[in-house]
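In this text, all values refer to a predicted model and were calculated from it rather than measured experimentally.
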Amino acid sequence: MRIINYIFFIAIFLFVNGCAKKEVFNTSKEKFNSDWYFIKAENKTISDENFINEESFKSWEKVNLPHTTNIEPKIVNSQWQGISWYKKEFSLPISNKEKKLFLHFEGAMNIAEVWVNGKKLIKHQGGYLPFVIDFSDVAKFDKENIIAVKLNNKDNPITGPKPLEKLDFNTYGGIYRNIWLVAKTPLYITDPILENKTASGGVFVKYSDVSNKKATINIQTHIRNENGTSKTFYVKQSLISNDSIIKSINSKKISLDANIDKEITQKIDVEYPKLWSPDYPNLYTLKTEIIEDDIVVDVEKTTIGIKTMEFKGQDFYLNGKKTFLRGVNRHQEYPFVGYALSDNANYRDAKKIKDAGFDYVRLSHYPQSTAFMKACDELGLITIDAILGWQYFSEDKNFQKHVFQTAKDLIRRDRNHASVLAWEVSLNESWMPEIFIDSLTTIAKKEYPTNQCFTAGWQSYGYDIYLQARQHRLKHYDAKIKKPYNVSEYGDWEYYAMNAGLNQDTWGGLLQQERSSRQLRSAGEKGLLQQAINIQEAHNDNLNTPAFADGYWVMFDYNRGYADDIEASGIMDLFRIPKPSYYFYQSQRDADNPNGKPMIYIANQWKKDSPLNVRIFSNCDEVELFLNDKSLGRQKPDKNRISSNLKHPPFTFRLEKFEKGQLEAKGYIKNKMVVKADVKTPEIASKIELVIDDSEIVPKVNTNDILFVYAKILDKNGTLVSSSNASVNFKIEGDAVLIGENDTNAEAGIASILVKIGENSGDVKITATSQNFTTETTIRIE
């Protein structure tokens, strides 16, 4: 009897598995970031051929990607520009011999030329968008392959923007984003960048009939057959949520002749879809498979979010709900390493933006990394996605042709991201002829042919959305322009230059320093509180216009390139340490918002010279202030001329005199105390505290992950001594290195440095010493 049961079990097993498609993984995609060699071509007399054929390249500096061509100082006004070379030796498994082989570069600055095994395969212009090479025909399987990459990040009139000596940001060098090695069978789903076809290539997902009850997902899959014979197959689409398949569909059998490509269109109807929004960033995975003879020969997974957008007049509706987007602009640079951010570092930046109270980020003024876009999808940050542009337009047809290509590539790269609201196919702060604008908007509509395609531009002509920086206009809103309006930048320049124009490099008519929003953390309470007042006033005024969104300039301090200082209008500094303005924005998110919570922040440091008007940012109904445990009263928000439109105006308590000790604030919602905060008068420095900024994202090995480390100078009560600029020395033990100026002086009581994680898991110990104080902490690396 046991034998009969065993035979029955085997029969059932063979039947079930015989009917199932075989999971044969013929497609592979892996990072190609390790074991590169790098050199700067300082000797201009050496030819390209010598670098390409250089056999002793392993004597060059060994690096992993992402990588910057130059570790810059904290203040960068003479950024390195020049020629650099990267080389790598790599082997390929014999199993890949009959496959299509591709290298996908996410970004390399600025002109990239690539050779594989001595054959030049591409010269790509532009440092912010991807390029792909097919090296199948030159790949070797009996010996090592060698790839050589030449980069040139000098000023370029074809790619723009204007020369670095006049540019208000930097264009750092290097292969500063990931490279991927992709292997596919000759019957495969294509890459949209390599295909370079209008609204085609790869997997393209669009939506129709979207509501809470139903949505239709329209899927377009571009397939190419590079076999020598015709192939018959079908395409399977599976919609996945939380690792469970919601729905699957199969196409009819498809026959594709040799060396022919074809677009396959399919639809999935979803009942009661989980819609994507900033409050609820619901995402699905779309799994696309080519199945031939019950074998999966290619597969692509696409992260998608279902949403519907509409403008009614000048109002924005997301998923049928009128929505205002409070946002900010972001430059992608880090101190010292420029653009060479790890994927985790990009995610941490996005999380800081979301945690600050924003639901929208304008990607100024160039395409930012895929890792950042993915983070925006996951966190619920709506984006305006931009091509490169800043105060530069050329009549050169080659320049214009390049701009048109960047618009195509931007949309092809990012069209499936749930976070994208609009395509900024516009040269920022650059006057463009109408025929040029017409070409850009036509490209966008052709590349994204749905009613969900919105263009955004610096000029009112042509674009669906008018981007207007109030900081460049004394009167930024023109009531005659009835199209959707976005205050794309505000809060900086109009408080810095009386002319509020575009001539940032002429320095005409500057306002007094005390009026400026450009305040370093070391500026002291008066300057930092002035920045917060400026932001409060400008944001309040934006809400008095029909704008559906506004974006503060800027989230993080950054280097200005042509100027010998930091552009300090950020609500976080260069090292991502918050200023008081950060908490003003955080207070504008409701306490009961899915991403919010009750919050309260005392903006004063309560030192002997502190302002006696105590400013408190909170999203509570009322706040009560205590000085040394004595109540100074309970107040409602301070509604006045510069806060009348705000959701949660600040609270202001006017004290008569300074009294050393502790200020404590308690916040009340519906008469119940829900949150509290305190500040103490700083005393003499007596210790150091080390803080690792991982933003709840665990550092990973083999990713070139980078983290900020902060050494805080504290008194015996644990209060930050913000007046301290003491020198701090950092030391590190373990598989990691320090990047930055070491020894370094504390700024407003905090000394900062970068840590780059190595290739081995385990503990990394960091020690900080200042004067007679020493402390240490450990980072666990996974």
Side-chain angles (χ1 to χ4, degrees), residues 12-29 182-192 195 199-225 227 231-256 261-277 280-308 319 374 377-378 415-418 450 452:
I12 293 297
F13 176 83
L14 291 173
F15 174 79
V16 169
N17 285 275
C19 293
K21 68 180 188 294
K22 298 175 185 176
E23 291 287 347
V24 179
F25 295 99
N26 286 309
T27 294
S28 64
K29 180 179 180 179
V182 180
K184 290 176 175 277
T185 63
L187 177 66
Y188 63 97
I189 301 167
T190 61
D191 183 285
E195 285 299 309
S200 185
V203 178
F204 186 2
V205 184
K206 294 166 279 187
Y207 311 92
S208 57
D209 303 320
V210 175
S211 71
N212 291 320
K213 294 183 178 180
K214 182 184 175 183
T216 298
I217 304 175
N218 304 287
I219 310 154
Q220 185 179 296
T221 308
H222 186 247
I223 297 172
R224 186 173 287 281
N225 178 19
N227 289 280
K231 291 291 180 179
T232 300
F233 59 93
Y234 67 92
V235 178
K236 180 175 182 177
Q237 305 286 358
S238 301
L239 188 66
I240 301 168
S241 176
N242 297 323
D243 297 324
S244 297
I245 296 177
I246 303 301
K247 197 168 186 178
S248 291
I249 59 167
N250 295 338
S251 71
K252 295 178 180 179
K253 288 279 186 177
I254 302 163
S255 290
L256 194 58
D261 62 294
K262 188 171 185 177
E263 205 86 63
I264 313 300
T265 58
Q266 295 164 278
K267 291 183 179 181
I268 295 180
D269 291 325
V270 186
E271 294 184 353
Y272 301 102
K274 296 178 180 178
L275 302 183
W276 187 95
S277 70
Y280 300 99
N282 299 306
L283 294 171
Y284 294 88
T285 298
L286 180 69
K287 184 179 182 182
T288 305
E289 298 168 285
I290 300 177
I291 300 171
E292 179 190 11
D293 296 331
D294 291 328
I295 296 174
V296 178
V297 297
D298 197 8
V299 60
E300 291 283 350
K301 291 183 179 180
T302 309
T303 301
I304 63 171
I306 304 171
K307 71 180 189 296
T308 182
N319 300 329
K374 288 180 178 177
D377 294 343
E378 294 174 16
R415 63 196 181 191
N416 292 327
H417 283 286
T450 77
Q452 298 294 287

Legend entry - Closest heavy-atom pair and its distance - P281, E378: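 It is CG-O, 3.4 Å.
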
Inset, instruction - Return yes if some donor-acceptor pair links the side-chain N/O of N225 with the main-chain N/O of N227 below 3.5 Å, else return no. - result: yes

Inset, instruction - Could you check T190 against D261 for side-chain contact (heavy atoms from CB on, under 4.5 Å), going step by step and ending with a plain yes or no? - result: CA-CA 9 Å; T190 61; D261 62 294; 5.7 Å; no

Legend entry - H222 side, atom NE2; I264 side, atom CD1 - distance, nearest 0.5 Å: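 Output value for this atom pair is 9.0 Å.
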
Legend entry - Distance-minimising heavy-atom pair for I223 and F233: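 In this case the closest contact between I223 and F233 is CD1-CE1, 3.7 Å.
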
Inset, instruction - Measure the shortest side-chain to side-chain distance between L286 and V203 over non-hydrogen atoms and say whether it is less than 4.5 angstrom. - result: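 Of all side-chain heavy-atom pairs linking V203 with L286, at least one is under 4.5 Å.
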
Legend entry - Ionic contact status for E300 with K29, cut-off 4.0 Å: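 The answer is no: the pair does not qualify as a salt bridge.
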
Inset, instruction - Any chance you could measure N212, atom CG, to Y272, atom OH, to the nearest 0.5 Å? - result: 10.0 Å

Inset, instruction - State, with a plain yes or no, whether a side-chain heavy atom of V299 is found less than 4.5 Å away from one of E289. - result: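 A side-chain contact exists here, since the closest heavy-atom pair is under 4.5 Å.
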
Inset, instruction - Carefully, step by step, assess F204 and N416 under the rule side-chain contact (heavy atoms from CB on, under 4.5 Å). - result: CA-CA 7 Å; F204 186 2; N416 292 327; 4.0 Å; yes

Inset, instruction - Please round to the nearest 0.5 Å and tell me the distance separating atom NZ of K307 and atom OG of S277. - result: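 Going from NZ on K307 over to OG on S277, the span is 10.5 Å.
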
Legend entry - Over all atoms of both residues, closest heavy-atom pair of A215 and P273: CB-CG, 3.8 Å

Legend entry - Listed partners of T303 passing side chain to side chain contact (heavy atoms under 4.5 Å, CB included), at least two apart: L283

Inset, instruction - Would you give the length of the straight line joining atom CD1 of I219 to atom CD1 of I249, rounded to the nearest 0.5 angstrom? - result: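 Atom-to-atom, I219:CD1 and I249:CD1 are 5.0 Å apart.
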
Inset, instruction - Check for a donor-acceptor pair, side chain of D298 on one end and backbone N or O of I290 on the other, with a separation under 3.5 Å. - result: no

Inset, instruction - For the pair E292 (side chain) and L187 (backbone), establish whether a donor and an acceptor sit closer than 3.5 Å, ignoring hydrogens and angles. - result: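 No; zero donor-acceptor contacts below 3.5 Å.
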
Inset, instruction - Just jot down the side chain to side chain donor-acceptor pair (under 3.5 Å) partners of S211, sequence neighbours excluded, or say none. - result: none

Legend entry - Qualifying residues under salt bridge (charged side-chain N to carboxylate O under 4.0 Å, His left out), relative to E195, sequence neighbours excluded: R224

Inset, instruction - Would you check if Y207 and I217 make a side-chain contact, meaning some heavy-atom pair closer than 4.5 Å? - result: yes

Legend entry - Trace of the side-chain contact (heavy atoms from CB on, under 4.5 Å) decision for D209 with K214: CA-CA 7 Å; D209 303 320; K214 182 184 175 183; 5.8 Å; no

Legend entry - Exercise: do T216 and D269 side chains pair donor with acceptor under 3.5 Å: yes

Legend entry - Where at least one partner belongs to residues 241-251, residue pairs that pass side-chain hydrogen bond (donor to acceptor under 3.5 Å, both in side chains), sequence neighbours excluded: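 Matches after skipping sequence neighbours: S238-S248.
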
Inset, instruction - With rounding to the nearest 0.5 Å, note down the distance linking CD1 in I291 to NZ in K253. - result: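 If I round to the nearest 0.5 Å, the distance is 9.0 Å.
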
Inset, instruction - Report yes if the side chains of S208 and N218 come closer than 4.5 Å at any heavy-atom pair, otherwise no. - result: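 SC-SC contact between S208 and N218 confirmed.
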
Legend entry - More than 12 heavy atoms of other groups within 6.0 Å of K252 NZ: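 Atom NZ in K252 is not crowded, with 12 or fewer foreign heavy atoms closer than 6.0 Å.
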
Legend entry - Which residues share a side chain to side chain donor-acceptor pair (under 3.5 Å) with K274, sequence neighbours left out: none

Legend entry - Where R415 and A199 come nearest, the two heavy atoms and their spacing: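 Reported closest heavy-atom pair: NH1-C, 4.2 Å.
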
Legend entry - Under 3.5 Å: donor-acceptor pair, side chain of T308, backbone of V210: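 Here the side-chain-to-backbone pair does not exist.
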
Inset, instruction - Return the set of residues passing salt bridge (charged side-chain N to carboxylate O under 4.0 Å, His left out) with K374 (not counting sequence neighbours), or none when no residue passes. - result: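 Here no residue qualifies.
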
Legend entry - Value rounded to 0.5 Å, distance of CD in Q237 from CG in L239: 9.5 Å

Legend entry - Check: G305 main-chain N/O paired with D377 side-chain donor or acceptor under 3.5 Å: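 Between the backbone of G305 and the side chain of D377 there is no qualifying donor-acceptor contact (under 3.5 Å).
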
